[in-house]
Amino acid sequence: MKTLLIKQARICGRETDVLVENGKIARIEKGMKAKADKTIDGRGKVILPGFYNLHTHAAMTLLRGYAEDMELEDWLTKKIWPAEAKFNEDDIYWGTKLACLEMIKSGTVCFNDMYWHQEAALQAVTETGMRAFIGLTMIDGHPLGFHQDTNEVWEKIKNKQTDKIKFALAPHALYTVAEENLKWAARFAKVNNLLIHFHVSETEKEVDDCQKKYGLRPIEFLDKIGFLGPEVILAHSIWLAEKEIEILVKRKCHLVYNPTSNMKLSSGVMSFSRLKKGGINICLGTDSASSNNNLDMIEEMKLAAVLQKLANGQDIKVKDIFAAATRNGARALRLEGGIVKEGQTADFILIDTERLDFLPGFDLLNDLVFSASSECVDTVVCGGDVLMENREIKGEKELIGEIKKRYGRYPSPRD
Ligand SMILES: [Zn+2]
């Protein structure tokens, strides 16, 4: 049995020890007399749940800073898709590794990804020890993502799922996947018990185009074709009418708020408080390092909070934003995580609260959301495995060296 002991850290303001056995939090108790394979000194640190980043395109770290000052459609069609067409499996492996490094450094334990070359991504994530849902991405006409190929990929990789790494079905969006293929996706997900990860109502134009094509708004259309259910995780979800919100409540879909990407691509602002009032589970995601331009959930929480305050008043509180970044994400992914409690999965982080950004220390969550930088993340534990300790990750220097050697040249990428 693999064991880990954290000594004298604080949980909810009280000093305590935490014993982890076989990936679960076995005991939380002050002054525990337990022996463990590994012991971490938690003095001056606070234990919090790790972050669940519910919408990423991990390997797009390779396109960070590549295309700026554009709106979504031009950005995708003129810059991103042509660049992505040049990526091979090897690129996806390194891009995903770089994303995992960045996510661990900022306290993320799990991410929900949508990209290509699933086996390369699987290998990269496995090596880092993170938890992830890797998307079986579908885009009509795409050489890697047409639905017949999705079936083939699934048959090839379905037995490679592990405790930490699962696959989800990821049809890209309404404007890239036709009606019959969305219906196929909904059936395929049900038969194989897969989550569905989808972009929807990100821009006003997407809604207008859907109305022209199908005579319905996106959520109405998706409901009509039987696509929606509790297994569906919808990124962006900005341009929603009241009747669409009612459908989302009824179908128990999960939504992902992506504030930085939405601001940067001039897409719009999610109506968090309206959705929350309906009881919808709202998670937080960074989207890609090309539209964000980082994968830092602490920064994302601040932007998530201040954007809501500017656009919608003071309905959304710090605790709502923290829940979106942690336990709401775990819930959407059907994981026992996002809470530090006995019996829960040991996905947690140690925060150094002796830093300037936590002084004088009126309220930990207020400081974490509005003041802290991700430099405060000292240690990251995922499923009982220590992924980072004292801000050090095994192999970090070598990975950065390799990335610089392969991609650190201009013009980029790959031209
Ligand atoms: Zn996205």
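Remember, it's 1-based here, ligands and their atoms both numbered in the order they're listed. Residue indices begin at 1 and follow the sequence shown. Keep in mind it's a predicted model, so treat the numbers as computed, not measured.
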Exercise for review: Tell me yes or no: between the side chains of E179 and Y214, is some donor less than 3.5 Å from an acceptor?
Suggested key: no
Review point. Taking NZ, NE, NH1 and NH2 as the nitrogens, is one of them in E68 or K264 under 4.0 Å from a carboxylate oxygen of the other?
Key: yes
Please report, to 0.1 Å, the donor-acceptor pairs under 3.5 Å made by any side chain of residues 45-54, with sequence neighbours excluded.
residue	atom	partner	partner atom	Å
Y52	OH	D347	OD2	2.8
N53	OD1	T286	N	2.9
N53	ND2	T286	OG1	2.8

Could you list the donor-acceptor pairs under 3.5 angstrom formed between side-chain atoms of residues 220-227 and any protein atom two or more places apart in sequence or on another chain?
residue	atom	partner	partner atom	Å
E220	OE1	R217	N	2.9
D223	OD1	R251	NE	2.6
D223	OD1	R251	NH2	3.4

**Study point:** Crowding at CD, E392 (>12 non-hydrogen neighbours, <6.0 Å)
**Key:** no
Revision key, fill the gap. A correct count of protein N/O/S atoms found below 2.8 Å of the Zn ion (ligand 1) gives 4
Using a 3.5 Å cut-off and no angle test, enumerate the donor-acceptor pairs between side-chain atoms of residues 187-195 and protein atoms at least two apart in sequence or in another chain.
residue	atom	partner	partner atom	Å
N192	OD1	W154	NE1	3.2
N192	ND2	F188	O	3.0

